[in-house]
Structures are given as structure tokens and as C-alpha cells.
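Structure first, commentary second.
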Amino acid sequence: MAKASVDARTKGGFSFDLYQRNEMLLKKGLQLPKFRKTGTTIVGLVFQDGVILGADTRATEGPIVADKNCEKIHYIAPNIYCCGAGTAADTEAVTDMISSQLQLHRYATGRESRVVTALTLLKSHLFGYQGHVSAALVLGGVDVTGPHLHTVYPHGSADTLPFATMGSGSLAAMAVFESKFREGLTKDEGIKLVSEAICSGIFNDLGSGSNVDVCVITKGQTEYLRNHQLPNPRTYTSTRGYNFTKGHTEVLTTKVTPLKSKKQAAEVDAMEE
Amino acid sequence: MALRGDWVYENNGGTCVAIAGSDYCVIAADTRLSVGYSIYTRDYSKICKLADKCVLATSGFQGDMKALQKNLAARHLIYQHQHNKQMGCPVMAQHLSNTLYYKRFFPYYTFNILGGLDSDGKGCVFTYDAVGSYERVGYSAQGTGAGLIIPVLDNQLKSPSPLLLPAKDAVTPLSEVEAVDLLKDVFASATERDIYTGDKVEIVVINASGIRQELMELRKD
């Protein structure tokens, strides 16, 4: 057979093979599928013993709430967590990937992961995708060098900050932080301030809502307070209940297809253990 | 989100619902006014009393809603001077349709529901599109939460088409209390999933004894 037996070694970088096809499709009026964005409020702050991260729990698809109680604080390492805003699939995928890479790194080095390692991995990944991976992250953790808090932007830049907010509700949350933050908060004060900032996002930003998730990271211990506050209970439930009687929804056609009777299986000996 | 320099409209969100009964009509609308991802106010009435037994609920662009309400109220006053009586609900319905179509080529960006009692004292609900196409129905919903509410009302109320012969009664067999309970539950549900619906719901009930109003709290997130 005169077939090329070895494929050309895959080179790094982008593949533009589908460029012409995509252009043709766009000209024909193809709508690219919409991504689910989390329309979020995420925050982080450094307090006297470590860092505290906070997030709301609403995921939106345009004007509709797709998930009323999703988890936006992602695990990266036992001492490092990351809040994600932007496209839900992107934040999920990128944090899972870096978390796996860090675990392999821990096995290789025999040491606890450092926040700057996660930061560098995230930055270089996002930069490589030139902003197409729409993940805006608040990365926080405590390692041997101390507590760290960073924001990472979709194009791959990052900042190091004492307090940070991201997402559509970031302005509402930042207003609270700018007014009430000070260095050296205690754990309870920090949790209270983070909750207040997230609540500000929840009530004033339409893209954020439902509950408050908090994650407290200190040297040697992490507390993940899932649904720390539930300030939005349903206001009314009908006691009458709903009746879905037949005939309320018109049935236009009915077709019943009986399943074929199963053929008898031939007697076989069981596999030996 | 004006992408063109000449885009003059804005969608302020919100949901309106109305149900017609044998001797009552309930109209409800949430009270949130929003733009983009922000809230302008949590306390904005989208319901306007046009006549004694006739109430209009509007969702869409509230600037146009205010202008439309003013227009209708003024024309109603003229009608009263000319005919020495209030406009009945079906009369107002036709009038609203004409007013909307008058601006066919620069429309009012409004999605209206007109509710009230007809001359027999039966509940009536008229539902409109932005340029005046209207229909008398047993129930309706308009606005950002309409897509979430109408399927539930279709299942629970099942209004027959007005085109059926012999003519079937469009009103629901539910009592006034049951209809208000259904409305409250349906609004609470729409609030869970639509970001533009919430804060409070204003419920107006029209029956033979007059017009009654009540407010119910909704989720504020």
C-alpha cells in the first residue's frame, strides 16, 4: 500500500484548516452557538491569617437563570482555590486542567503547591488562547511564602491585590470593599465583609443572584462554606397545588409501537473466574 | 445595547399577566424597572387605570408606556365629554389598537395587556403586539417572563380559541381567590428564572364592587 504511514508531527500553534469553511458559513448567515456565561459576582480579600474568597451562585443564559445554585469557587489545590467568572465551561475546564497539572507537580517535587505556580500556569494558558478562553478568575491561597490573592484576565494578564472583585457584579462588590476594607481583618470580620460584597452584587446586579458561597484559606486549613448565606428564599408557594389532568394539554396523535419480543438467549456456560 | 447610532428604544424588562373570570378580571405586573444588568428602581408601577372597569398593563419600553398612557387618558376624557359615559373595555380595546397602529412606522415599543369587565359584567382580557394586533382571550402574559408563564397558564386554564363555532366562553372557571393564588405562584416561579422579573408584584382585581389592589413581595436578586 502506497499510503503515507507516518503523519507529519503535530506542530504547536493554531491550525487554520477550517478558516475558509468558517468564513463561507458566516457569509451564509450561520449563527455561532451562544456560550453560557455566568454573569457573576466573585470577590477575594487578604485578612490577617490568610485569604477569603466569595462568589454568588447564579448561572445565566442570556436573560434566563440556567442554574440557581452553581459552584463558582473551584478547587485548584488543598491550599489554593479559584473563583471563576465568564464562560462557565471555560472556567471549569481551565481550573480543572491547572489543578491536575499542579497535582502532578506536587508528586514530582514532594512539596505543597504555591499560588504563583498556579498563577503562571493559568496566565500562560489563557495568553496562548489570545482571549478566546473567556475565563476571568480570582485566585487565592496560602503557601510557604504566605497568603496570596491574584486576579487573572481572559487575555492572560494578572494583578496582585489585597482585595479584588470580578464579573458583572464587580462594581457593586468593589463599592463595598472600597468603603469597608482595611488591612488585618479578623476571620469573622473578613467573612462578614465578603458576604456583604457578594450580597451587594446579588441584589444590585441582575447577572448575579441566589446564594453566597465563601471559602476561607489559612495556613494548614481550608474551610469551604458552601451556601454560607441564603438570602433569597422563594416568596410564595401555592397551597392549592397543580393538577395535570388528562385533556388539559391536547393530544394530537398517538402511536403505540409494541417492542419486539426478546429472543431466547442460547444456554452458555458462565465465564470462569 | 445600541449598536446603531439611531437606536432610540430601550427594553426595561418586566412581566405582565392577566386572567379573565366569569365576574372578575385580575391583572398583575412586577414592579422592577431595569436596563442592561442594572436596576433603575424596584418600585415602578406598570399598571394604569384607564377607565372605571378598564386597566392597562404594559411591559417593554417604559418611556413609550408613559406616552401611550397619557395619550389614552386624554382621548378617554374627550370620549367622556362627547358621549357622556365612560369607555367600556371592548371600546378601549379597539381604541388602543388604533392608537398603536397609528404609529406603525415608528412604533410604541410596548407589549400591552388590557383587562376589565365587559358590558355583561364578564371578565375580559385583550392582548396586543407592539403595532396594535389584538385578540380577546381568557388569559395572557407579556414581557420578559411571558415565555415562562404562558405554558403554565395554557395547561391550567386552557382558553378556547375565539374562532371556534359555536362560540365557547373564554373565561376561566376558577374563582377569584384561586386565580389570584395562581397568579402569585406563577410570578414567584417566573422570578426564579427570569433576571428581569422580581422585587414586587402589583395585583389589581376588577369586579362588580370596583377595583382592588394588592402588593406581594418577590425575590430581589
Side-chain angles (χ1 to χ4, degrees), chain A residues 36-41 55-70 85 167-173 175 195 198-212 229-251, chain B residues 1 11-15 28 30 32-40 42 143-148 151-161 174-175 177-201 203 215-221:
Chain A
R36 183 199 292 186
K37 304 195 105 226
T38 51
T40 297
T41 308
D56 75 304
T57 62
R58 171 184 283 182
T60 50
E61 246 161 358
I64 301 292
V65 177
D67 192 342
K68 293 189 273 189
N69 206 188
C70 71
S168 57
S170 61
L171 271 70
S195 303
I198 297 292
C199 279
S200 173
I202 284 174
F203 291 112
N204 300 112
D205 174 42
L206 296 176
S208 315
S210 293
N211 315 123
V212 181
Q229 280 184 356
L230 297 117
N232 287 297
R234 191 189 161 100
T235 52
Y236 188 86
T237 315
S238 168
T239 40
R240 256 188 79 228
Y242 284 92
N243 221 359
F244 296 103
T245 48
K246 268 189 174 182
H248 270 213
T249 304
E250 239 175 83
V251 176
Chain B
M1 306 216 215
N11 190 344
N12 298 120
T15 311
D30 72 322
R32 174 179 282 178
L33 192 72
S34 44
V35 77
Y37 273 133
S38 304
I39 300 179
Y40 275 156
R42 298 189 195 269
T144 49
L148 298 165
V152 176
L153 295 184
D154 277 344
N155 180 271
Q156 296 294 304
L157 301 177
K158 197 91 197 325
S159 175
S161 165
L174 285 183
S175 73
V177 174
E178 289 172 328
V180 172
D181 173 81
L182 176 64
L183 261 186
K184 286 181 179 174
D185 197 55
V186 124
F187 255 98
S189 304
T191 305
E192 297 275 319
R193 293 287 176 174
D194 177 28
I195 61 177
Y196 294 116
T197 303
D199 293 329
K200 288 196 267 284
V201 58
I203 304 174
L215 278 170
M216 184 185 86
E217 295 290 321
L218 293 171
R219 274 172 70 143
K220 302 189 182 328
D221 63 351

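Residue numbers start from 1 in every chain, and the chains themselves are labelled A, B, ... in the order their sequence lines are given, proteins ahead of strands.
A salt bridge (charged side-chain N to carboxylate O under 4.0 Å, His left out) check over residues 232-245 of chain A, counting only residues at least two apart or in different chains, returns the pairs A:Arg234-B:Asp185, A:Arg240-B:Glu178.
Interface check for chain B: of the options A:Gly209, A:Ala172, A:Pro63, the most heavy-atom pairs under 4.5 Å are formed by A:Pro63. Ranked by heavy-atom pairs under 4.5 Å with chain A, the first of B:Glu192, B:Arg32, B:Arg42, B:Glu217 is B:Glu192.
Neither side chain, B:Asp30 nor B:Thr15, offers a donor N or O lying under 3.5 Å from an acceptor on the other. Side-chain atoms of A:Ser168 and A:Asp205 include a donor-acceptor pair closer than 3.5 Å.
Take A:Leu171 and apply the side chain to side chain contact (heavy atoms under 4.5 Å, CB included) test, not counting sequence neighbours, and it matches no residue.
Of the atoms belonging to A:Pro233, it is backbone heavy atoms, and not side-chain ones, that fall under 4.5 Å from chain B. Heavy atoms closer than 4.5 Å to chain A are found nowhere in B:Thr197, neither backbone nor side chain.
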